[in-house]
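Treat the numbers as computed from the prediction; the structure is a model and nothing was measured.
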Amino acid sequence: LIKHVKAQYNCSFVLVQGGSYPGALSAFFRSKYPEIIDASIATSAPVLAEVNMWQYMYQVALSISDVAGEWCNEEIRKGTEKLEVMMKSKDGVDKIDALFNTNPKLDVSKPLNVAEF
């Protein structure tokens, strides 16, 4: 897409930008595709990956509670638990695929797929 837009509009410089987690994504995108992306601005971006960064999820939960109420956090927790149970059976995975229109289909044999979903 970026190559197409650059050609269509005769762009000579592409900058990606983001703050916090999207900032990290913009930096990673620049490092992976330096031939397409000329620069990246990554404000407040984490630069060291952590496997279980509980502080991030804690802050997300606080923000959700502030904006939508504690009931919203509870509904998210219940929905997450339901998905975790569904991922333990083929029928459940098929229902998830249908519900979320996954493409490609969810492969729960790979732990990273489950974690990222």
Open item on the list: Around atom NZ of K90, are there more than 12 heavy atoms from other residues, nucleotides or ligands closer than 6.0 Å?
Closed with: no
- [ ] Can you establish whether the number of heavy atoms outside K6 located under 6.0 Å from its atom NZ is more than 12?
- [x] yes
Task: Hydrophobic cluster identity match, V67 and W71, side-chain contacts under 4.5 Å - done: no
Open item on the list: Would you compute the distance between atom CD1 of I96 and atom CG of D91 and round it to the nearest 0.5 angstrom?
Closed with: 10.5 Å
Open item on the list: Just verifying a value: how many Å separate E116 CD and K110 NZ, rounded to the nearest 0.5 Å?
Closed with: 11.0 Å
Task: Hphob cluster co-occupancy, V5 + F13, side-chain heavy atoms under 4.5 angstrom - done: no
- [ ] Side-chain contact test, heavy atoms from C-beta onward, threshold under 4.5 Å: evaluate it for M87 versus L106 and give yes or no.
- [x] yes
Open item on the list: Is there a side-chain contact between T102 and F117 in this structure, where contact means two heavy atoms from C-beta onward sitting under 4.5 Å apart?
Closed with: yes
Open item on the list: Any side-chain to backbone donor/acceptor pair from S40 onto S26? Under 3.5 Å, distance only.
Closed with: yes
- [ ] Indicate if I2 and L15 have the same hydrophobic cluster label, given that clusters are the connected sets of ILVMFWY residues with side-chain heavy-atom separations under 4.5 angstrom.
- [x] no
TODO: Kindly check if the number of other-residue, nucleotide or ligand heavy atoms within 6.0 Å of OH (Y9) is above 12?
DONE: no
Task: Least distance between heavy atoms, P22 atom then G19 atom - done: CD-O, 2.9 Å
TODO: Write down the atom of A42, the atom of A27, and the distance for their closest heavy-atom approach.
DONE: CB-CB, 4.1 Å
TODO: Kindly compute the distance separating CG (L25) from CD (Q17), expressed to the nearest 0.5 Å.
DONE: 13.5 Å
TODO: Heavy atoms only: give me the nearest P46-A24 pair and the separation to one decimal.
DONE: O-CB, 3.6 Å
Task: Inter-residue atom distance K32.NZ - I37.CD1, 0.5 Å rounding - done: 13.0 Å
- [ ] Answer with yes or no whether the hydrophobic clustering places I41 together with V14; edges join I, L, V, M, F, W, Y residues whose side-chain heavy atoms lie under 4.5 Å apart.
- [x] no
Task: Closest non-hydrogen atom pair between D38 and R30, with its separation - done: O-NE, 3.2 Å
Open item on the list: Give me the atom names and distance for the closest heavy-atom approach of N73 to S65.
Closed with: ND2-OG, 2.5 Å
- [ ] Look at the side chain of N113 and the backbone N and O of D107, then say whether any donor-acceptor pair between them is shorter than 3.5 Å.
- [x] yes
Open item on the list: Classify the ring geometry of F29 against Y33: parallel below 30°, tilted from 30° to 60°, perpendicular beyond 60°.
Closed with: tilted
TODO: Begin with the C-alpha distance, continue with both residues' side-chain angles, and end with the deciding distance and a verdict on salt bridge (Lys or Arg N to Asp or Glu O under 4.0 Å) for R77 and E81.
DONE: CA-CA 6 Å; R77 185 192 60 73; E81 287 176 359; 2.6 Å; yes
Open item on the list: Please say yes or no: joined through hydrophobic side-chain contacts below 4.5 Å, possibly via intermediate residues, are F28 and V16 part of one cluster?
Closed with: no
Open item on the list: So, taking the atom named NZ in K78 and the one named CG in L83, what distance separates them when rounded to the nearest 0.5 Å?
Closed with: 14.0 Å
